[in-house]
Amino acid sequence: MVVGRRQAVEEGWLHRVAVTVCRDGRGRVLVHRRSARVSRFPGFYEVGVGGAANVGESYEQAAARELAEELGIRALPRLLFTFINRSGLSPHWLGVHEAVVPDAVVLDPDEVAWHGWLTEPELRSALLEWRFTPDSHEAFSRYVAFRAAGC
């Protein structure tokens with residue numbers, strides 16, 4: 001049986017989500033604030049760009065699709081790791097990717113209200129002060145540990 005993300009969240013069933021940590025050529029991380037029009041976590045900040053993977057779609061394909069939809073860019077994100085994320089609305093497999101993207105992005109106003117490029121120290125500070133999605137906290141802490149391990 002194939003179900004949509006809404007039903008999976010409502011029922012607490014595992015589903016797959018792909019997220020990409022976007023860096024520019026100087027190593028800064030793209031942070032964005034979700035539009036007030038989105039159904040989940042409106043107005044919250046996010047470290048990654050992403051969304052649910054469709055049936056038959058790989059994590060990498062879902063991540064590339066989300067980058068095109070939300071930022072208007074074509075990039076080939078690299079899958080770093082996956083884990084079961086139990087923070088947020090329901091448990092889900094989270095595939096964390098990384099991509100170097102251009103500074104100039106074309107935001108989808110239905111999805112993104114604001115964006116900025118932050119250094120890692122600026123981002124660590126923002127994570128303590130701004131209202132980020134639960135996925136952002138968990139994914140970024142694992143992302144930093146993954147990079148520190150030299151993977």
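Applying the salt bridge (Lys or Arg N to Asp or Glu O under 4.0 Å) criterion to Arg34, with sequence neighbours excluded, gives Glu46.
Contact record, Ala62 with Ala18: CB-CB, 3.8 Å, taken as the closest heavy-atom pair. Taking each heavy atom of Thr20 and Glu98 in turn, the nearest pair found is CG2-C, 4.0 Å. Of all heavy-atom pairs between Pro91 and Arg86, the closest is CB-NH1, 3.7 Å. Summarising the geometry of Pro77 relative to Ala64, their closest heavy-atom pair is CG-N, 3.8 Å, with the distance given to 0.1 Å. The minimum heavy-atom distance linking Leu118 with Glu122 is given by the pair CA-OE1, 3.4 Å. The shortest heavy-atom contact between Thr82 and Gly95 is CG2-CA, 3.8 Å.
Looking only at distances, a side-chain donor or acceptor of His97 sits under 3.5 Å from a matching main-chain atom of Val19. Arg37 contributes a side-chain N or O that, together with a main-chain N or O of Pro109, makes up a donor-acceptor pair within less than 3.5 Å.
Residue Leu30 shares its hydrophobic cluster (ILVMFWY side chains chained together at separations under 4.5 Å) with Val49, Leu67, Leu71, Ile73, Val101, Val105, Leu107, Val112, Trp117.
At least one side-chain heavy atom of Val144 sits under 4.5 Å from a side-chain heavy atom of Glu120. Inter-residue side-chain proximity for Glu57 and Arg65 is flagged as met; some heavy-atom pair is nearer than 4.5 Å.
We find the CG-CZ distance between Leu80 and Arg142 to be 13.0 Å, quoted to the nearest 0.5 Å. To the nearest 0.5 Å, the span separating CZ on Phe140 from CG on Leu123 amounts to 4.0 Å. The line from CZ of Arg131 to OG of Ser136 is 12.5 Å long, rounded to the nearest 0.5 Å. Atom CD of Glu66 sits about 10.0 Å away from atom CG of Asp108, to the nearest 0.5 Å. Note that NE2 of His15 and CG of Leu94 are 9.5 Å apart. Values are rounded to the nearest 0.5 Å.
Following chains of ILVMFWY side-chain contacts shorter than 4.5 Å, one cannot reach Val100 starting from Leu76, and the two form parts of different hydrophobic clusters. Val31 and Val106 fall into different hydrophobic clusters, defined by Ile, Leu, Val, Met, Phe, Trp and Tyr side-chain heavy atoms under 4.5 Å apart, directly or through other members.
The list of ring-ring contact (aromatic ring centres under 6.0 Å, His included) pairs with a residue in residues 42-88, not counting sequence neighbours, reads Phe41-Phe44, Tyr45-Trp114, Tyr45-Trp130, Tyr45-Phe132, Phe81-Phe146.
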